[in-house]
Amino acid sequence: MVTPAASHSRQDREPDPTPDAADLLVWYDRHRRVLPWRALPGAVPDPYRVWLSEIMLQQTTVAAVKPYFARFLERFPDIATLAAAPEEAVMSAWAGLGYYSRARNLHACAKAVVAAGGFPETVEGLRKLPGIGAYTAGAVAAIAFDRPAAAVDGNVERVVSRLFAVEEPLPGARPVLRRFAETLVPQERPGDFAQAVMDLGATLCTPKRPACALCPWMRPCRARREGTQDTFPRKLKKVAGALRRGAAFVVQRAGDGAILLRTRPASGLLGAMAEPPTSEWRTDYEPAHALLDAPLDARWKRLGTVRHVFTHFPLELTVFTAKVAADTAAPDGMRFTLPAAMGDEPLPGAMKKALALALETKLALPAPPPPPAPEPDLATPPPPEPPPRRAPVPKVLSRRPASAAPIRKK
DNA sequence: TACACGTGGGT
DNA sequence: TACCCAAGTGT
């Protein structure tokens with residue numbers, strides 16, 4: 001350290017008080033957000049709801065979680081119901097929310113908790129459960145069991161980095177930020193405190209243009225005092241992944257209009273989710289040779305491409321479609337799913353885009369995206385239109401199916 | 001420690 | 001359009 005304490009020998013006009021949890025709690029009592037998973041003031045929280053919401057909220061916005069949370073509770077009202085449910089039902093209810101390992105771990109965790117007769121109430125006990133890391137263990141211990149634990153998420157890291165003007169960039173600064181955060185946790189109302197810091201980060205101490213004037217911790221905030229609040233937390237810039245390409249094959253059976261699907265491997269990207277058969281996705285994929293990867297012989301029609309951006313790489317799928325005879329057997333490891341059952345298939349967003357392009361109809365795909373469907377979503381079995389005599393020129397969709405991005409190449 | 005791992009919304 | 005961001009975890 002370059003600066004000895006002596007450098008502050010001159011009298012500071014503002015002494016730099018330590019952030020006081022009580023000040024934040026006063027603010028919280030007046031400005032707390034009303035959220036579906038939050039117990040009313042004075043009420044005892046339900047650990048199942050607290051846990052479920054925390055898992056859903058990992059790297060996911062409140063707005064995105066709300067409808068899923070409501071739906072999940074309807075379908076799995078308590079942890080015993082969840083534990084007893086088939087894996088596919090859980091994946092299906094999660095489809096569209098992303099980070100699907102969360103759903104797999106959620107299910108495994110439910111089983112473990114039921115087997116143990118209930119949730120552990122300590123950070124150490126919670127930390128051992130699948131899908132529960134340092135943050136979630138602290139959050140559940142604090143919120144559900146009112147233990148004095150720190151719940152350090154992105155909000156808290158931002159708040160603390162500003163409070164103490166931490167120069168070290170993320171993610172390296174995480175241990176330091178956690179230590180600072182732990183010093184702030186009060187013995188009184190630790191559960192409310194945990195939620196209060198997150199509310200502060202979500203509503204006032206925002207990534208951009210924080211509303212410092214309204215902040216209960218404006219006084220003790222070092223970044224604010226120095227006018228540098230916008231620059232925290234410091235971060236290392238990230239590199240973008242290379243574009244990967246592949247082909248998706250949408251096969252529709254004559255007669256009943258069933259679609260050929262398969263289930264992806266249980267772990268890894270989109271693990272245990274459903275998809276129409278696709279080729280491998282590679283940075284050097286050559287769409288011109290895509291038919292070599294087709295799942296079966298048919299009159300393939302090239303429709304166009306769909307794009308999707310994952311956290312670490314962008315994907316471009318060339319979509320092919322074909323209609324096959326009603327008596328066609330599904331290749332090994334694949335299945336035909338009837339239009340009416342498509343809603344039960346755990347289809348991730350990328351695959352919904354490919355299917356939407358191929359079917360041109362917003363057939364009520366995975367009912368999951370329950371939120372963004374305000375209007376009645378008719379399950380229209382794709383009308384067996386007359387067989388295309390010649391492959392039409394791949395056209396650009398004029399109207400876009402709800403979940404499908406406009407497909408166009410520059 | 002550094003990556004892998006989704007998705008939708010905001011600027 | 002291109003990033004950035006959101007109540008992180010597992011390997």
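Just so it is clear, the model here is predicted, and its values are computed rather than measured. Reminder, nothing fancy here: chain letters follow the sequence lines and each chain counts from 1. All values below come from the heavy atoms of this structure, side chains included, with hydrogens, waters and symmetry mates left out.
- C:dA6 and B:dC5 have their C1' atoms separated by 15 Å, given to the nearest Å.
- If you check every strand for non-hydrogen atoms under 4.0 Å, A:Gly268 touches sugar and phosphate atoms only.
- Contact annotation: A:His312 does not reach the phosphate of B:dA4 (side-chain N/O to OP1 or OP2, under 4.0 Å).
- Looking at heavy-atom distances under 4.0 Å, A:Pro171 makes no contact with the nucleic acid at all.
- Here C:dC4 presents its P atom at 19 Å from CZ of A:Phe232, a figure rounded to the nearest Å.
- Residue contacts for A:Val62: at a heavy-atom cut-off of 4.0 Å it reaches a base atom on one of the strands shown.
- Note: CG (A:Asn105) to C1' (B:dC5) measures 12 Å, nearest angstrom.
- Straight-line distance from the CZ atom of A:Arg307 to the P atom of C:dT1: 10 Å, rounded to whole Å.
- Per the geometry, NZ belonging to A:Lys208 stands 6 Å off C1' belonging to B:dT11, to the nearest Å.
- Residue-level contact check: A:Leu315 touches neither bases nor backbone, having no heavy atom under 4.0 Å from any strand.
- In this model, a side-chain donor or acceptor of A:Thr311 finds a partner on the base of B:dG6 within 3.5 Å.
- Ion pairing of A:Arg335 with A:Glu345 is present here, as a side-chain N (NZ or NE/NH1/NH2) and a carboxylate O approach within less than 4.0 Å.
- In this model, the phosphate group of C:dC5 is approached by a side-chain N or O of A:Lys235 to a distance below 4.0 Å at OP1 or OP2.
- Relative ring orientation between A:Trp94 and A:Phe72 is described as perpendicular, the plane-to-plane angle rising above 60° on a 0-90° scale split at 30° and 60°.
- A straight line from CG of A:Leu126 to P of C:dA7 spans 21 Å, rounded to a whole angstrom.
- Comparing A:Asn155 and A:Ile132 by the nucleotide of DNA chain C that holds the closest heavy atom to each, the one mapping nearer the 5' end is A:Asn155.
- Applying the 4.0 Å criterion to OP1 and OP2 of B:dG6, one finds that A:His308 has every side-chain N and O outside that range.
- A:Arg244 has no carboxylate O lying under 4.0 Å from a charged side-chain N of A:Glu316, or vice versa, which leaves the two without a salt bridge.
- Ring geometry for A:Phe310 versus A:Trp281: interplanar angle under 30°, hence parallel rather than tilted (30 to 60°).
- Looking at A:Thr60, its side chain comes within 3.5 Å of the base of B:dG6 through a donor and an acceptor atom.
- Side-chain proximity of A:Tyr135 to B:dG6, C:dC5, C:dT9: nearest is C:dT9.
- Not counting sequence neighbours, A:Arg224 has no partner by the side chain to side chain donor-acceptor pair (under 3.5 Å) test.
- Nucleic acid contact for A:Val65: none, since no nucleic acid atom lies under 4.0 Å from a heavy atom of the residue.
- One P atom belongs to C:dT9, the other to B:dG8, and the distance between them is 22 Å to the nearest Å.
- Under 4.0 angstrom from either OP1 or OP2 of C:dA6 there lies at least one side-chain N or O belonging to A:Arg158.
- Here A:Trp37 lies in heavy-atom contact (under 4.0 Å) with a base.
- Within 4.0 Å of A:Ala134, counting heavy atoms only, lie sugar-phosphate atoms of the nucleic acid but no base atom.
- The nucleotide whose nearest atom lies closest to any side-chain atom of A:Thr61 is, among B:dT7, B:dG8, C:dA7, B:dG8.
- The closest side-chain heavy-atom distance from A:Leu269 to A:Phe313 is below 4.5 Å.
- Separation of the P atoms belonging to C:dT11 and B:dG6 is 14 Å when rounded to the nearest angstrom.
- In terms of phosphate contacts, A:Gln58 brings no side-chain nitrogen or oxygen within less than 4.0 Å of OP1 or OP2 of C:dG8.
- Looking at heavy-atom distances under 4.0 Å, A:Thr136 makes contact with sugar-phosphate atoms alone, never a base.
- At a threshold of 4.0 Å, the pair A:Arg32-A:Asp29 does not count as salt-bridged, since none of the basic side-chain nitrogens sits closer than that to a carboxylate oxygen.
- The OH atom of A:Tyr68 sits 15 Å away from the C1' atom of C:dA6 (whole-angstrom rounding).
- The CZ-C1' distance, from A:Arg178 to C:dA7, rounds to 13 Å in whole Å.
- Checking A:Leu270 against A:Gly172, the closest nucleotide of DNA chain B that is more toward the 5' end is the one next to A:Gly172.
- If you check every strand for non-hydrogen atoms under 4.0 Å, A:Ala350 touches sugar and phosphate atoms only.
- When rounded to the nearest whole Å, the span between CZ of A:Arg174 and C1' of C:dG8 equals 7 Å.
- Between the C1' atoms of C:dG10 and B:dT1, the separation comes to 14 Å (whole Å).
- For A:Tyr99, no side-chain nitrogen or oxygen approaches OP1 or OP2 of C:dA6 to under 4.0 Å.
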